[in-house]
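Remarks on the structure that follows.
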Number of protein chains: 2
Amino acid sequence: MSTSAFPLSPHNHQACMRETLAEAEALAATRGERLTPLRRRVLEIVLESHRPVGAYDVLGALARDGARPAPPTVYRALDFLRAQGFVHRIDSRNAFVACFAPAKAHRCHFLLCRRCGRAAEILDAALDQALAETARQAGFAAERETVEIAGLCADCREDASAGVGAA
Amino acid sequence: MSTSAFPLSPHNHQACMRETLAEAEALAATRGERLTPLRRRVLEIVLESHRPVGAYDVLGALARDGARPAPPTVYRALDFLRAQGFVHRIDSRNAFVACFAPAKAHRCHFLLCRRCGRAAEILDAALDQALAETARQAGFAAERETVEIAGLCADCREDASAGVGAA
DNA sequence: GCCGGAATGTTATGTTATAACAGCATCATG
DNA sequence: CATGATGCTGTTATAACATAACATTCCGGC
Ligand SMILES: [Zn+2]
Ligand SMILES: [Zn+2]
Ligand SMILES: [Zn+2]
Ligand SMILES: [Zn+2]
């Protein structure tokens with residue numbers, strides 16, 4: 001289970017998916033929540049990459065499965081997965097990304113690479129602290145945070161400086 | 001010109017608007033950019049409150065003026081105003097808010113009150129620092145940041161704890 | 001088997017945003 | 001003044017994202 005800074009470039013993503021899915025199933029069972037076939041399938045679809053996917057991308061993937069669900073079906077599944085913390089929403093992209101550490105309570109802060117498209121969850125106590133302190137100073141009671149830093153990830157910076165231009 | 005933490009509850013907003021608009025005009029002139037009547041009017045509309053407004057709200061306001069522009073007209077004006085830093089986008093709300101300190105270079109970080117609806121720009125060096133450090137540690141080259149903290153502002157916390165329920 | 005609640009299906013519509021091209025204003029230049 | 005370049009705005013159409021409202025089905029408990 002990779003909780004590290006940026007999703008390790010060459011990692012065994014099959015195992016990464018499998019483990020995360022198992023973790024989600026265990027959590028749902030513990031909580032008495034029902035990870036139904038549809039919800040599980042939607043989670044699989046979102047887990048397939050570390051890139052945010054749109055709700056209509058999920059819809060398309062389900063359609064290729066043979067089912068032809070309408071948008072509400074997908075949004076409901078995503079709502080459930082979000083409520084369970086299995087999936088997060090990327091506000092700046094109107095898209096959804098899987099959480100690869102759903103068991104660990106955390107705030108949802110992201111690095112978004114504009115080149116490779118990957119979204120990495122940040123787990124940084126100093127940042128959490130700074131955000132909390134900012135709110136405190138303003139007398140503001142924070143309830144939810146959207147923190148999304150867009151730019152170039154380390155891998156893509158290297159590629160770019162090496163003059164490589166992949167499609 | 002109020003650059004302070006949360007837009008001071010009882011402030012002279014007419015003056016606040018007027019000064020900010022003048023500042024924007026001066027900046028545009030300095031930069032050789034054209035703050036046309038349409039763009040200026042859109043800025044006025046967004047300046048009318050410290051609350052984020054949707055593009056279609058702006059469209060509605062323009063319609064009430066008598067013109068009946070189509071969406072692209074509004075989005076183009078908003079794009080211009082954003083490029084000039086006169087307006088910021090609130091990603092978590094698909095809405096736009098005026099910048100009341102357009103002359104000052106700054107990152108766009110917001111406090112969003114769910115009760116009064118106001119958006120306050122945060123100018124906090126420690127937070128900027130923490131975000132920069134987070135990116136640096138990941139080897140990430142940050143280009144744009146979305147930082148939006150939603151919750152209850154100080155005024156609204158007081159009102160709530162006083163049991164007051166304003167419309 | 002029957003009931004009740006949860007999940008999903010279905011239809012329709014609402015909301016946000018952009019592509020593509022047409023027309024017009026403004027301004028420098030000859 | 002004509003001319004053309006540029007940039008702003010208008011217009012039409014459509015794409016992309018999201019939800020309301022109601023029907024149906026599934027599934028466990030009785
Ligand atoms: Zn992986
Ligand atoms: Zn990258
Ligand atoms: Zn004001
Ligand atoms: Zn408030």
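Below, chain A is the first sequence line, B the second, and so on; all start at residue 1. Just so it is clear, the values below take in all heavy atoms, side chains as well, and ignore hydrogens, waters and symmetry mates.
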Pick out the pairs of N or O atoms, protein on one side and nucleotides 4-15 of chain C on the other, that lie under 3.5 Å.
residue : atom : partner : partner atom : Å
C:dA7   : OP1  : A:R39   : NH1          : 3.3
C:dA7   : O5'  : A:R39   : NH2          : 3.4
C:dT8   : OP1  : A:T36   : OG1          : 2.4
C:dT8   : OP2  : A:R39   : NE           : 3.4
C:dG9   : OP2  : A:T73   : OG1          : 3.4
C:dG9   : N7   : A:R76   : NH2          : 2.5
C:dG9   : O6   : A:R76   : NH1          : 2.9

Lys/Arg N to Asp/Glu carboxylate O, A:D79 vs A:R76, below 4.0 Å: no
Rounded interatomic separation in angstrom, taking CG from B:D79 and P from D:dG7: 16 Å
Separation of atom OH in B:Y75 from atom C1' in D:dG10, rounded to whole Å: 17 Å
Spacing between B:L78 atom CG and D:dT9 atom P, to the nearest angstrom: 12 Å
Centroid separation A:H109 to A:H88 less than 6.0 Å: no
Nucleotide D:dG7, atom P - distance to CD of B:Q84 in whole Å: 14 Å
Single-linkage hydrophobic cluster, 4.5 Å side-chain cutoff, A:I149 and A:L152 together: no
Nearest-angstrom distance from the residue atom CG of A:D91 to C1' of D:dA16: 16 Å
Whole-Å gap separating P (D:dC17) and CD1 (A:I90): 14 Å
For atom CG of A:N94 and atom P of D:dA15, their distance in whole Å: 18 Å
Closest contact, heavy atoms only, A:H50 versus A:C16: NE2-SG, 3.6 Å
Residue list, side chain to side chain contact (heavy atoms under 4.5 Å, CB included) with B:R68, at least two apart or on another chain: B:A63
Residues A:E121, A:F110; criterion side chain to side chain contact (heavy atoms under 4.5 Å, CB included); working and verdict: CA-CA 5 Å; A:E121 268 194 77; A:F110 295 93; 3.0 Å; yes
